[in-house]
A.B. asks: 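What follows is a structure written as structure tokens; I'll ask about it next.
Each chain gets a letter, A, B and so on, in the order its sequence line appears, and its residues count up from 1.
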2 protein chains.
Amino acid sequence: MTARIAPTALYQEVAERLRQRIFAHELLPGAWVDEQKIAEQYGISRTPLREALKVLASEGLVVLKPRRGCYVTEISPRDLDDIFPLIALLEGRCAAEAVHKMNKADLERLAAIHARLERSARDNQITDFFEANQEFHRTIQELADNRWLLQVIQDLRKVLKLSRIHSLSLEGRLQQSLEEHRAIMAALEAGDARQAEQLMHDHLLSGREALARMQDSKAA
Amino acid sequence: MTARIAPTALYQEVAERLRQRIFAHELLPGAWVDEQKIAEQYGISRTPLREALKVLASEGLVVLKPRRGCYVTEISPRDLDDIFPLIALLEGRCAAEAVHKMNKADLERLAAIHARLERSARDNQITDFFEANQEFHRTIQELADNRWLLQVIQDLRKVLKLSRIHSLSLEGRLQQSLEEHRAIMAALEAGDARQAEQLMHDHLLSGREALARMQDSKAA
DNA sequence: ACGGATAATACTTTATTCATAATTATGAAT
DNA sequence: ATTCATAATTATGAATAAAGTATTATCCGT
């Protein structure tokens with residue numbers, strides 16, 4: 001028997017695997033989640049799978065219809081219009097809090113991530129840029145040092161991942177995104193909380209706008 | 001056998017019953033939740049109970065320790081300091097959005113609730129006041145018409161209910177709370193979104209401060 | 001007498017089985 | 001030919017049982 005280093009319960013592992021499949025759009029929004037089939041695929045019984053689905057349901061990734069089964073959540077344009085301003089508000093607050101709470105070492109760590117962002121953009125490494133971008137935001141959220149604020153943002157971002165928007169919305173406006181990041185970084189370095197909050201807020205809204213333009217042009 | 005009017009799943013009913021027991025502090029923070037005992041009490045098997053606990057866990061009401069069982073979440077003063085400003089931010093936003101989205105009928109409905117608040121305060125009906133207060137906040141949140149914003153606030157408020165603070169923090173400052181509500185109501189009626197946001201924000205923070213003072217005096 | 005190790009007990013976790021409800025398909029009647 | 005009703009099949013929801021892991025208590029050794 002292999003030593004189980006991670007003492008994590010089976011239903012948690014299953015939840016994580018399903019999360020990844022949903023984010024990878026292997027399970028499409030609206031699709032029915034066949035309990036028997038998945039349980040069979042994973043070589044487990046339905047009990048831990050059902051418990052995993054309860055977890056995903058409260059994360060908003062799936063919807064459980066009583067006596068009807070489980071379906072992957074569908075996100076509407078309306079939902080995006082509701083969620084983006086909310087994340088903008090919350091991450092704006094993170095930026096402001098980060099200014100107050102971070103020390104010199106934190107700032108240098110953030111600067112290093114920002115440098116990676118600049119490098120990836122210069123070399124046109126989309127995947128790298130995407131990752132560094134995520135880490136940049138995540139780090140600022142953690143510097144705000146508010147467990148509940150972090151949790152709320154992460155939950156909302158999970159829901160956003162249901163849509164294919166995330167990577168796409170970045171690609172089209174890599175240069176603009178980069179400049180916005182520069183401005184945020186400058187505000188953080190200057191210790192200007194108000195400015196950092198405003199810039200972060202606008203940065204996220206501008207992401208939503210770029211996405212809307214993209215969908216408009218696709219519709220035409 | 002009573003006819004099951006509600007076609008809701010057993011685990012949902014169980015989750016709701018447990019929620020109420022937790023909010024009523026019949027299950028104290030930190031207390032171990034004995035699966036066998038509860039299942040026996042409710043006359044059900046442990047399977048739906050376990051599914052209910054998964055739901056409560058993602059709401060943050062209980063903590064599931066792998067191989068250790070389930071415990072009612074304990075909220076620290078630090079958590080309160082993290083959560084209150086967050087709710088203040090979010091409900092402030094609700095007030096601002098409500099100004100933009102509500103119509104005349106909505107405003108009248110809100111005014112009626114506010115009138116109930118005034119009446120309860122005058123007659124010193126604490127329970128009534130408490131209920132009207134909740135409805136006032138809830139209504140403004142719904143007027144903001146943002147499903148995700150509402151969800152986040154409700155989740156955070158659920159966690160706050162773990163602490164006994166809510167009713168207590170009101171009793172001590174009924175008059176002040178009433179005056180703050182009056183100001184918020186006036187801003188809403190004037191259609192001043194900025195002002196409504198600010199007042200709602202400060203109203204919630206002032207609730208936290210009153211609580212802190214109360215705990216200080218209790219400690220002394 | 002104190003500390004560590006082993007064994008036993010208890011509780012979580014997973015699997016299997018069963019029942020109930022919903023949906024779909026088929027057949028009959030209009 | 002179309003619609004409605006009934007029956008059958010399939011999937012969800014619940015319960016019981018079995019297995020594995022953690023914790024605690026006891027015993028032995030130092």
Side-chain angles (χ1 to χ4, degrees), chain A residues 1-22 26-74, chain B residues 1-19 21-22 27-74:
Chain A
M1 172 68 197
T2 60
R4 282 274 288 272
I5 303 296
T8 156
L10 183 55
Y11 79 89
Q12 287 179 332
E13 291 180 27
V14 172
E16 184 54 30
R17 289 182 69 173
L18 285 175
R19 243 181 240 118
Q20 295 312 323
R21 287 178 74 175
I22 290 173
E26 195 182 320
L27 294 170
L28 291 169
W32 173 54
V33 179
D34 188 333
E35 290 185 5
Q36 287 191 341
K37 195 171 131 197
I38 306 256
E40 207 172 305
Q41 276 180 12
Y42 289 1
I44 60 172
S45 88
R46 282 175 47 232
T47 310
L49 174 59
R50 286 176 58 77
E51 292 183 351
L53 292 179
K54 298 289 175 299
V55 174
L56 297 183
S58 25
E59 288 173 5
L61 296 182
V62 300
V63 182
L64 296 173
K65 302 184 180 177
R67 289 277 166 202
R68 295 290 304 276
C70 176
Y71 297 81
V72 179
T73 302
E74 287 182 284
Chain B
M1 169 73 194
T2 61
R4 283 277 285 275
I5 302 294
T8 154
L10 183 55
Y11 78 90
Q12 286 179 334
E13 290 182 26
V14 172
E16 185 53 29
R17 289 182 69 170
L18 285 175
R19 242 181 241 117
R21 286 180 75 175
I22 291 173
L27 295 170
L28 290 170
W32 174 52
V33 179
D34 189 333
E35 290 187 4
Q36 282 192 340
K37 195 170 131 198
I38 305 255
E40 209 171 306
Q41 276 179 12
Y42 289 2
I44 59 170
S45 91
R46 286 180 42 247
T47 311
L49 174 59
R50 287 178 57 75
E51 293 182 351
L53 292 178
K54 300 289 174 299
V55 174
L56 296 183
S58 22
E59 288 174 5
L61 296 183
V62 299
V63 183
L64 296 172
K65 302 183 180 177
R67 294 274 164 203
R68 294 292 305 278
C70 177
Y71 298 81
V72 179
T73 303
E74 288 182 283

A.B. asks: What is the distance, rounded to the nearest whole Å, between atom CD1 of B:I38 and atom P of C:dC11?
C.D. replies: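 Those two atoms, CD1 and P, are 13 Å apart.
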A.B. asks: Which nucleotide, if any, forms a Watson-Crick or G-U wobble pair with C:dT30, using both distances under 3.5 Å?
C.D. replies: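 The base-pairing partner of C:dT30, which may sit in any strand shown, is D:dA1.
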A.B. asks: With a 3.5 Å cut-off and no angle check, do the side chains of A:E16 and A:Q20 form a donor-acceptor pair?
C.D. replies: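 A:E16 vs A:Q20: donor-acceptor pair found between side chains.
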A.B. asks: Need one value for A:Q36: base, sugar-phosphate or nothing, where a base atom within 4.0 Å counts as base even if backbone is also close, heavy atoms only.
C.D. replies: base
A.B. asks: Examine C:dA15: is either OP1 or OP2 under 4.0 Å from a nitrogen or oxygen in the side chain of A:S45? Give yes or no.
C.D. replies: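 For A:S45, the contact criterion (side-chain N or O under 4.0 Å from OP1 or OP2 of C:dA15) is met.
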A.B. asks: What is the distance from atom CD1 of B:I38 to atom CG of B:L18, rounded to the nearest 0.5 Å?
C.D. replies: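 It is 5.5 Å, given to the nearest 0.5 Å.
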A.B. asks: If you take all heavy atoms of A:G60 and A:T73, which pair is closest and at what distance?
C.D. replies: O-OG1, 2.8 Å
A.B. asks: With the side chain counted from C-beta on, respond yes when B:L10 and B:E51 share a heavy-atom pair under 4.5 Å apart, and no when they do not.
C.D. replies: no
A.B. asks: Separation of A:Y42 atom OH from C:dA15 atom C1', in whole Å?
C.D. replies: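 Atom OH in A:Y42 sits about 18 Å away from atom C1' in C:dA15.
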A.B. asks: With heavy atoms under 4.0 Å as the rule, sort B:R50 into base, sugar-phosphate or nothing.
C.D. replies: base
A.B. asks: With a 4.0 Å cutoff (strictly under), does any side-chain N or O of B:R68 reach OP1 or OP2 of D:dT23?
C.D. replies: yes
A.B. asks: C:dT12, OP1 or OP2 - any side-chain N/O from B:W32 closer than 4.0 Å?
C.D. replies: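 Checking C:dT12 against B:W32, a side-chain N or O does come within under 4.0 Å of OP1 or OP2.
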A.B. asks: Between A:I44 (CD1) and D:dG20 (P), how many Å, whole number?
C.D. replies: 17 Å
A.B. asks: Assess whether one donor atom and one acceptor atom, taken from the side chain of A:R67 and the base of D:dG13, lie less than 3.5 Å apart.
C.D. replies: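 No.
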A.B. asks: For A:L10 and D:dG20, give me the distance from atom CG to atom P, rounded to whole Å.
C.D. replies: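 Interatomic distance, CG of A:L10 to P of D:dG20: 14 Å.
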A.B. asks: Please report, rounded to the nearest Å, how far the C1' atom of D:dA14 is from the CG atom of A:L49.
C.D. replies: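 Rounding to the nearest Å, CG of A:L49 and C1' of D:dA14 are 16 Å apart.
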A.B. asks: With respect to A:V14, which candidate in A:L49, A:V55, A:L56, A:L53 satisfies the side chain to side chain contact (heavy atoms under 4.5 Å, CB included) definition?
C.D. replies: A:L49
A.B. asks: Roughly, in whole Å, what's the span from CD in A:E40 to C1' in C:dA15?
C.D. replies: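 After rounding, the reported distance stands at 14 Å.
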A.B. asks: Distance check needed: D:dA14 P versus A:E35 CD, whole Å only.
C.D. replies: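 Spelled out: CD on A:E35 to P on D:dA14 is 11 Å.
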A.B. asks: To the nearest angstrom, how far is B:D34 atom CG from C:dC11 atom P?
C.D. replies: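 B:D34 atom CG is separated from C:dC11 atom P by 6 Å.
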A.B. asks: Pick the nucleotide of DNA chain C nearest each of B:T47 and B:V33; which residue has the one closer to the 5' end?
C.D. replies: B:V33
